[in-house]
Undergrad: 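Quick one: the structure is below, questions incoming.
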Amino acid sequence: MGCLAAAAAGAEVAPLLFRRRLAPSPVAARRRLLVSCRARRRGLRTAAELPRKSTSNDKHHNRVNMQRDEASVSSDKERQEKYGDENGISNLQLEDLIQMIQNTEKNIMLLNQARLQALEHVEKILKEKEDLQRKLKILETRLSETDARLKLSAEGQFGTEINDSLPVLELDDIKEENMLLKDDIQFLKTMLTEVAETENSIFTLEKERALLDASLRELESRFIDAQADMLKPGPRQYDAWWEKVENLGDLLETATNKVENAAMVLGCNHDLEDKVDKLEASLAEANISKFSCYFVDLLQEKIKSVEERFQVCNHEMHSQIELYENSIAEFHDILSKLVEETEKRSLEHSASSMPSELWSRISLLIDGWLLEKRISYNDANTLREMVRKRDSCLREAYLSCRGMKDREIVDSFLKITLPGTSSGLHIVHIAAEMAPVAKVGGLADVISGLGKALQKKGHLVEIILPKYDCMQNDQVNNLKVLDVVVQSYFEGNLFKNKIWTGTVEGLPVYFIEPQHPAKFFWRAQYYGEHDDFKRFAYFSRAALELLYQSQKKIDIIHCHDWQTAFVAPLYWEAYANLGFNSARICFTCHNFEYQGAAPAQDLACCGLDVAQLDREDRMRDNSHGRINVVKGAIVYSNIVTTVSPTYALEVRSEGGRGLQDSLKLHSRKFVGILNGIDTDTWNPSTDRHLKVQYNANDLQGKAANKAALRKQLNLSSTNASQPLREFEGIADHFQNNNNIRLLLKYDDSLSHWIYAASDMFIVPSMFEPCGLTQMIAMRYGSVPIVRKTGGLNDSVFDFDDETIPKELRNGFTFVHPDEKALSGAMERAFNYYNRKPEVWKQLVEKDMRIDFSWSSSASQYEDIYQRAVARARAAA
């Protein structure tokens, strides 16, 4: 049976970005993998079949095998390094990497078995060695005694004693025994030499095992990169190209075979013609009768027939040769056209196909130069336009500037500045979170997911975050502080701010570090401080000051939740009058439960006029008479959004928590857009957190993950079909139940595992603005059971609801927030799971194929951005 998991058990994690380079030939990659795997199997068989007693020829043969295997492994490593340097892991197709990893694991198992056998062999040899050493000592002692006695006897010192006690025959026996002892000693020395060689062989096996372990880890890391690469559509044109080349190769091979057959026929005809000539000569010389002439005439007729057939074959052969030559000419023509087309496309798309990481670094570099006053405002704008267009000249200049001095780099960029325009927008997100560098909840995933999706659509996207002391610095690439200090207003004074830059998930990010005595973002946590209102008011003002001093011509400033809701009134009240008015403000409230209410006088800290804004039509709270920054963002923003269409309807009534009237008043600019998920991070076919990867076409991995999770949580495995329930808030007395576990913690890896092990996922929320867990659950083949509220209502449609198109039905829903409604939905789900397994399997496969990526949501944001910018330009 499947597993049931609650919304709280799953947690989103940071998205991953993968790079892509085009692979030249999957056929060549397969051949290289095949040779590599065969060489490794050959080496492992040689190592695993060590004999118990080695002769000199066997030892020589083993040494040759070991040298050959080491050379093979070395050759494989060099070949892997070569292709890794030249083309990266993209040279290998996904299936080849999977096969290679499996073969490597098998090889390691064989090597371990050989190692255990060798160790057992060594233990036996060591025991025999000890026994032989003891015997050797005894024999050496007896030999020394006998030699001494013989020496004394030879000198005549104890002649009488020897004659009395040691007869001549016994003396001969002792000599013979001495010779045998010397042979035994020589044999023991040979055995000791073989033991030493065996120990060396074991040491060599250990080194090979370590080498294979390292290779396996490297292949696994490359495998993860290649899986993301396979998701990109780039190689399709090259796959078609190679398919055409292979078809032409088949045609060429066919023509070659025909020519060879024609040549064989021609050779046979020549032989026959020679025989006929010889026969005619012999007939002419012979004196034959008239009766024989009859046969001669008959033979001549046959010769004529053969000649005619020869002419036909000769003509056919020439036709085949002509066809062959035409095929070769056609092959070369098509090949040349394909090469030219490929080179042309490569030149056209080389810049756009470069990773976003590169363009983000160039953008940060340009902004840093402007802030440090190394380039003019006009030059910076020109270079930004080139970044937007993914200009190949700019790319080449950046790649060629390595090792150059800063002044030389600036000069090389200025030389290529050209005027131009772009249809892409310049979008800046100002937020308190971003996954994976500073993540508390779903907001962090939205910033990174939406930012990457907009960037893929050709827009210039930048992020501004506070520089928390507790953020994940290792998730930031090329993190550095700019040689500039930005001063911002706060509580009647100007305070300095350090500006850090870096890229996160391929997006350019600015981190603001206030040089304020209160150390606003050095608190070892993101939220929950007594002065959160002042902390984020300071950050919002500093972020706008950074944009103002950079003199950027921004199209959209997108702020999120109450922490950066200050941006909207600050922009229009403080900065628009300074000429910084090109942008339009978009505000997204992810949860109206949190509105940033505070006493009115606190608003003055960031430089806003309290008397001007403490009004019912501005920022005064509708219920409590305090300042409400979310209301201020609703009033001052050009666009207001929330995270799902249903939640947008709910907050206009009692769900608005006092802001429903303001939302109704500004309903023309208010819209709900359903969030998406990062389908690269949440992908069961590539998820490295799972015990077994799987996909919609092969669901066997779910059963394996379920069994592994039961074992990990010490759950009963007596009845594998019994549901495994995971609820937030189960009473403590359930903790000892063998079929239930209560986990009150955040564990990123475990959340992936629970999604994979679950067959049903319960989200019985009282309210849910959007919800990502139900989308992730369906991505992993876990059917959702949800209450119809907020984003759950927009993403889950009841399987038994005949008013909904059949292709949209993907789960089980209930309306009333009570036990009866929840139990009814669960019973319906259990009924399909237990009694209609084929129907259930089809439902799981359909859920896994639903597209919950950010692409659709980003298109909706792109549309409202462009309409707002168009209205602004028309008004100007």
Side-chain angles (χ1 to χ4, degrees), residues 1-10 646 684 694 696 699-703 705-707 709-710 715-716 719-730 734 737 739-741 751 753-766 768 771-850 852:
M1 182 74 173
C3 303
L4 297 173
T646 298
Y694 61 97
L699 298 175
Q700 294 182 357
K702 284 190 68 68
N705 284 293
K706 179 168 52 180
L709 183 62
R710 285 183 178 275
L715 292 165
S716 173
N719 184 4
S721 63
Q722 186 170 352
L724 186 155
R725 297 179 173 86
E726 197 71 39
F727 295 113
E728 183 86 25
I730 293 180
F734 282 121
N737 190 303
N739 295 304
I740 299 175
R741 283 294 175 269
S751 68
W753 205 351
I754 290 175
Y755 284 121
S758 303
D759 287 309
M760 304 172 193
F761 206 91
I762 301 176
V763 193
S765 303
M766 292 296 292
E768 185 64 62
L772 302 180
T773 55
Q774 76 279 8
M775 302 180 194
I776 299 171
M778 285 186 274
R779 176 80 168 156
Y780 281 71
S782 182
V783 177
I785 303 174
V786 306
R787 181 173 174 266
K788 291 172 67 67
T789 181
L792 300 174
N793 186 56
D794 297 318
S795 56
V796 181
F797 305 98
D798 197 276
F799 192 70
D800 293 326
D801 190 347
E802 296 183 355
T803 63
I804 298 173
K806 191 172 183 180
E807 61 271 14
L808 297 180
R809 304 178 203 171
N810 55 5
F812 299 89
T813 64
F814 61 97
V815 178
H816 300 291
D818 53 40
E819 180 182 357
K820 181 179 179 182
L822 172 61
S823 297
M826 293 175 64
E827 288 300 324
R828 288 190 291 122
F830 290 155
N831 182 59
Y832 280 103
Y833 186 91
N834 291 321
R835 300 182 181 180
K836 301 177 180 179
E838 286 301 320
V839 176
W840 182 267
K841 181 181 179 183
Q842 294 173 5
L843 175 59
V844 170
E845 293 174 349
K846 180 171 68 174
D847 283 359
M848 293 185 70
R849 293 189 174 98
I850 298 175
F852 284 114

Undergrad: Return each pair, listed once, that meets salt bridge (charged side-chain N to carboxylate O under 4.0 Å, His left out) where at least one residue sits in residues 784-793; pairs must be two or more places apart or across chains.
TA: none
Undergrad: Determine yes or no for a side-chain-to-main-chain donor-acceptor pair under 3.5 angstrom, with Tyr694 supplying the side chain and Tyr780 the backbone.
TA: yes
Undergrad: What residues form a side chain to side chain donor-acceptor pair (under 3.5 Å) with Asn810, not counting sequence neighbours?
TA: none
Undergrad: Do Ser782 and Ile754 come close enough that some side-chain heavy atom pair is under 4.5 Å?
TA: no
Undergrad: Give the minimum heavy-atom separation between Ala757 and Leu709, together with the two atoms involved.
TA: CB-CD2, 3.5 Å
Undergrad: Ile762 versus Leu822: any side-chain heavy-atom pair under 4.5 Å?
TA: yes
Undergrad: Please list, chain by chain and in numerical order, all residues satisfying side-chain contact (heavy atoms from CB on, under 4.5 Å) with Ala703, sequence neighbours excluded.
TA: none
Undergrad: Between CG of Leu792 and CE of Met775, what distance do you get to the nearest 0.5 Å?
TA: 8.5 Å
Undergrad: What pair of heavy atoms forms the shortest contact from Val783 to Gly811, and how long is it?
TA: CG1-CA, 3.9 Å
Undergrad: Only counting residues at least two apart or in another chain, list the ones meeting side chain to side chain donor-acceptor pair (under 3.5 Å) with Thr646.
TA: Asn793, Asp794
Undergrad: Indicate yes or no: at least one non-hydrogen side-chain atom of Phe814 is less than 4.5 angstrom from one of Pro764.
TA: yes
Undergrad: Can you list the residues that meet the side chain to side chain donor-acceptor pair (under 3.5 Å) rule with Lys846, with sequence neighbours excluded?
TA: none
Undergrad: With sequence neighbours excluded, what pairs up with Gln842 under the side-chain contact (heavy atoms from CB on, under 4.5 Å) test?
TA: none
Undergrad: For residues 802-821, pull every pair meeting salt bridge (charged side-chain N to carboxylate O under 4.0 Å, His left out), keeping only residues two or more places apart or in separate chains.
TA: none
Undergrad: Taking all non-hydrogen atoms of both residues, which atom of Ala696 and which atom of Met848 are closest, and how far apart?
TA: N-CE, 3.6 Å
Undergrad: Of all residues at least two apart in sequence or in a different chain, which pass the ring pair (Phe, Tyr, Trp, His ring centres under 6.0 Å) check with Tyr832?
TA: Phe799, Phe812
Undergrad: Side chains of Thr773 and Tyr755: closer than 4.5 Å at any heavy-atom pair?
TA: yes
Undergrad: Name all residues meeting the side chain to side chain donor-acceptor pair (under 3.5 Å) criterion together with Asp801; count only those two or more places apart in sequence or in a different chain, and write none if there are none.
TA: Thr803
Undergrad: Just grab all the salt bridge (charged side-chain N to carboxylate O under 4.0 Å, His left out) pairs involving residues 823-839, residues at least two apart or on different chains.
TA: Asp798-Arg828, Asp800-Arg828
Undergrad: Indicate the atoms forming the closest heavy-atom contact of Met760 with Tyr833, along with that distance.
TA: CE-CB, 3.7 Å
Undergrad: Would you name the heavy atoms of Thr813 and Ala825 that are closest together and state the gap between them?
TA: O-CB, 4.0 Å
Undergrad: Can you tell me how far CH2 of Trp840 sits from CG of Asn834, rounded to the nearest 0.5 angstrom?
TA: 9.5 Å
Undergrad: To check you understand the geometry: which heavy-atom pair defines the closest contact between Pro684 and Arg779, and what is its length?
TA: CG-O, 3.5 Å
